[in-house]
Amino acid sequence: MENQLFIHNTLTRTKEIFEAINPPFAGMYVCGPTVYGDPHLGHARPAITFDLVFRYLLHLGYKVRYVRNITDVGHLVADLDEGEDKIAVKARVEQLEPMEVAQYYADRYFIYMDALNVKRPSIEPRASGHMIEQILMVQKILDEGYAYEVNGSVYFDVEKYSKSYNYGKLSGRILEDLLANTRTLEGQDEKHNAADFALWKKAQPEHIMRWPSPWGDGFPGWHLECSAMSTKYLGDYFDIHGGGMDLLFPHHESEIAQCQAAIGHESVKYWLHNNMITINGQKMGKSLGNFITLDQFFTGTHASLQQAYSPMTIRFFILQAHYRSTLDFSNEALQAADKGLKKLLAGYETLGKLMPSPLAPLPEGEGRIADLQRSCYDAMNDDFNSPMVIASLFEGVRIINSAADKKEDLSSPELTGLKTIFDTFLFEILGIKEEKGGDNHEVVDGLMQLVLAIRQKSRETKDWGTSDQIRDALQKLKITVKDGKDGSAWNIE
RNA sequence: GGUUUCGUGGCCGAGUGGCUAGGCAGCGGUCUGCAAAACCGUGUACAGCGGUUCGACUCCGCUCGAAACCUCCA
């Protein structure tokens, strides 16, 4: 199948055809979490977005090396003035070794990403494990003359860099504005210019996370790890770099500058950014009280949640929006997603029970099923348009259900085609999986068959009292009985 | 104040210079002992005001509104 994949490159603000630098290999780097707190909704969106990209590239036959870092060197806390790093603060509060904090929350992150059926990346490097690479990169930038050292800290010289290159090309910022908008600070600032950023920061005596370097004990600047680790594992020039839009500036802008300065050219061909999530139209933030962790979603233990939402509901909901749109969470919207997903999965189950009609099979590549498959590929090729893929899958469900109602006929190749579409797009690419409760299927199955057989007998004698009693009792156990022409079906909610 | 994304029917959310996205909810019908599910039908939606055009929700400008980042800091 000819697939021309177009992806939106933030650098050019246009959709560009995806051409791998070294086919069949494709390299992708995505900014991962800083592990100092429980994973929340804000972590789910980029993870799922780039999981979709990963899965689709794999499906197209690329040998993908997907690198997503774990930031276990804390960056400074925004709402504290002391300049302590996030992980160190957490460590002090919880009376733990900083690495204990990082390990604990990294493990938590993996658990919840697994629940969301996010594939593990090929490599998950940690910043703390790449100090040497980072120090070497700082040294290289110093050697090239784009950085300066002050009192054991090293800063990137944005003004000098801007004489040769365009700092701001990714985020649309203009250096003059950055400088003009900046007030002069009191003497304590070591930076030559407000736009400069730290490559290496000297550790104050009380700072716990520290490493020796040519400039004394300190820790790396927060843009540096991504530059160092992406180029270490993916090479000087790789295909895709992804992350949230919140990272556009200054993080990714600075990564571009660091690589340009250290390597002599840019390291990324396509920049991809997912949009943010709001809750009831408001930004998600700790101060607003609408900061919901994934655990709270899965268990329903948050004041603003009317019920628990399963991992697949969250995943499906995120995929129902295009990754570059803002996405608004609300109970109503999540419940709609929950029902929609169940409808899709029920349709797939129905498909497995359909018998082919003896209609003459259509030639390969023709007919509505082939059209459906084509529209799924077209949607994915158009910058990973998962909402349109989902719309096509619902069209498939409509056809399946019509056939089950004996209102339409499906030939054997059409049935196979539908199954291929669902297996490929719903499960393989969108990464949805069935969430059947319990693993004692055989016992439950047997019991249900027995119960339904007894109920069928009562129905045959028009003993509706018994029949309804059984159905109501099962409903209380969250088991729904559906009476059809060919007997009764059941499913667990 | 700046940069960037947006503003679509009751809710969520695609898309397009002229041709029904889709889901959820609602309404009417079919089926059913009842119910559920399913199927069929059903919505003069594109923030506001100008402009370009034979024609704009889609392009341009302005206004209003939302979000992210920056404006203090790494």
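Naming: A, B, ... by sequence-line order, numbering from 1 per chain.
If you check B/C34, B/C39, B/A68 against the side chain of A/Arg471, the one that comes closest is B/C34. Nearest to the side-chain atoms of A/His322 among the listed nucleotides B/A38, B/A14, B/A74 stands B/A14. Here B/C12 is the nucleotide among B/C12, B/C70, B/A68 with the atom lying nearest to any side-chain atom of A/Phe317.
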Table of protein N/O atoms under 3.5 Å from nucleotides 3-8 of chain B N/O atoms:
residue, atom, partner, partner atom, Å
B/U3, O3', A/Gly172, O, 3.4
B/U3, O2', A/Ser171, O, 2.5
B/U4, O3', A/Arg13, NH1, 3.3
B/U5, O2', A/Asn275, ND2, 2.7

Quick test: give all pairs of protein nitrogen or oxygen and nucleotides 58-66 of chain B nitrogen or oxygen below 3.5 Å, distance rounded to 0.1 Å.
none

Between the protein and nucleotides 21-26 of chain B, which nitrogen or oxygen pairs are less than 3.5 angstrom apart?
residue, atom, partner, partner atom, Å
B/A25, OP1, A/Lys339, NZ, 2.8

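Of the P atoms belonging to B/U20 and B/G43, the separation is 12 Å, rounded to the nearest Å. When the P atom is compared between B/G22 and B/C6, the two are found 23 Å apart, to the nearest whole Å. Taking the C1' atoms as reference points, B/A67 lies 22 Å from B/A45, given to the whole Å. The P atoms of B/G7 and B/G55 are separated by 25 Å, rounded to the nearest whole Å. Nucleotides B/G65 and B/C54 are separated by 34 Å at their C1' atoms, to the nearest Å. Rounded to whole Å, the separation between the C1' atoms of B/A56 and B/A68 comes to 29 Å. If you take atom P in B/G13 and the same atom in B/C72, they sit 34 Å apart, rounded to whole Å. To the nearest whole angstrom, the two C1' atoms, one in B/G17 and one in B/C12, are 27 Å apart.
Look at B/C6: its Watson-Crick or wobble partner, with both distances under 3.5 angstrom, is B/G65. With a cut-off of 3.5 Å on both Watson-Crick or G-U wobble distances, the partner of B/G43 is given as none.
The CZ atom of A/Arg459 sits 13 Å away from the P atom of B/A35 (whole-angstrom rounding). Atom CG of A/Leu170 is separated from atom P of B/C70 by 14 Å (rounded to the nearest Å). In this structure, CZ of A/Arg398 is placed 15 Å from P of B/U20, rounded to the nearest angstrom. Atom-to-atom, CD of A/Glu255 to C1' of B/A74 comes out at 15 Å; the value is rounded to the nearest Å. When rounded to the nearest whole Å, the span between CE of A/Met276 and P of B/A67 equals 13 Å. At whole-Å resolution of the value, CG in A/Asp383 and P in B/U16 are 12 Å apart. In this structure, CG of A/Asp196 is placed 15 Å from C1' of B/C70, rounded to the nearest angstrom. At whole-Å resolution of the value, CD in A/Glu190 and P in B/C72 are 18 Å apart.
Residue A/Asn385 places no side-chain N or O under 4.0 Å from the OP1 or OP2 atom of B/A14. A/Lys462 has no side-chain polar atom (N or O) that falls below the 4.0 Å cut-off from OP1 or OP2 of B/C34.
A/Asp338 comes within 4.0 angstrom of no nucleic acid atom, judged by non-hydrogen atoms across all strands. No engagement by A/Phe197 is indicated, since no non-hydrogen atom pair under 4.0 Å with the nucleic acid exists.
Looking at every heavy atom in both residues, A/Ile421 comes nearest to A/Cys376 through CG2-SG, 4.2 Å. For the residue pair A/Met380 and A/Leu5, the shortest heavy atom distance occurs at O-CD1, 3.6 Å.
Note on A/Lys15 versus A/Asp383: no salt bridge recorded, every NZ/NE/NH1/NH2 to OD/OE distance being 4.0 Å or above. In this structure, A/Arg315 pairs ionically with A/Asp51, as a charged nitrogen and a carboxylate oxygen lie closer than 4.0 Å. Using a 4.0 Å cut-off between charged side-chain N and carboxylate O, A/Glu266 and A/Lys169 make a salt bridge. A/Arg368 has a carboxylate O that lies under 4.0 Å from a charged side-chain N of A/Glu414, or vice versa, which qualifies the two as a salt bridge.
Proximity of A/Leu52 to A/Ser386: side-chain heavy atoms (C-beta onward) are separated by under 4.5 Å at one or more points. Between A/Trp200 and A/Ser213 there is a side-chain heavy-atom pair separated by less than 4.5 Å.
Residue whose closest nucleotide on RNA chain B sits further toward the 5' end, between A/Ala198 and A/Val397: A/Val397. For the pair A/Ser330 and A/Ile277, nearest-nucleotide mapping onto RNA chain B gives the more 5' position to A/Ser330.
The side-chain tip of A/Lys160 points at the ring of A/Tyr146 from less than 6.0 angstrom away and within 45° of straight on. Taking the centre and axis of the six-membered ring of A/Tyr167, the NZ or CZ atom of A/Arg173 falls outside the cone set by 45° and 6.0 Å.
Within the 3.5 Å criterion, the main-chain N or O of A/Gln306 finds a donor-acceptor partner in the side chain of A/Asn331.
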Step-by-step salt bridge (charged side-chain N to carboxylate O under 4.0 Å, His left out) determination, A/Lys342 to A/Asp338
CA-CA 6 Å; A/Lys342 281 186 174 136; A/Asp338 184 41; 3.3 Å; yes
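When ring centroids are compared, A/His252 and A/His273 come within the 6.0 Å threshold. For A/His241 and A/Tyr270, the gap between ring centers reaches or exceeds 6.0 Å.
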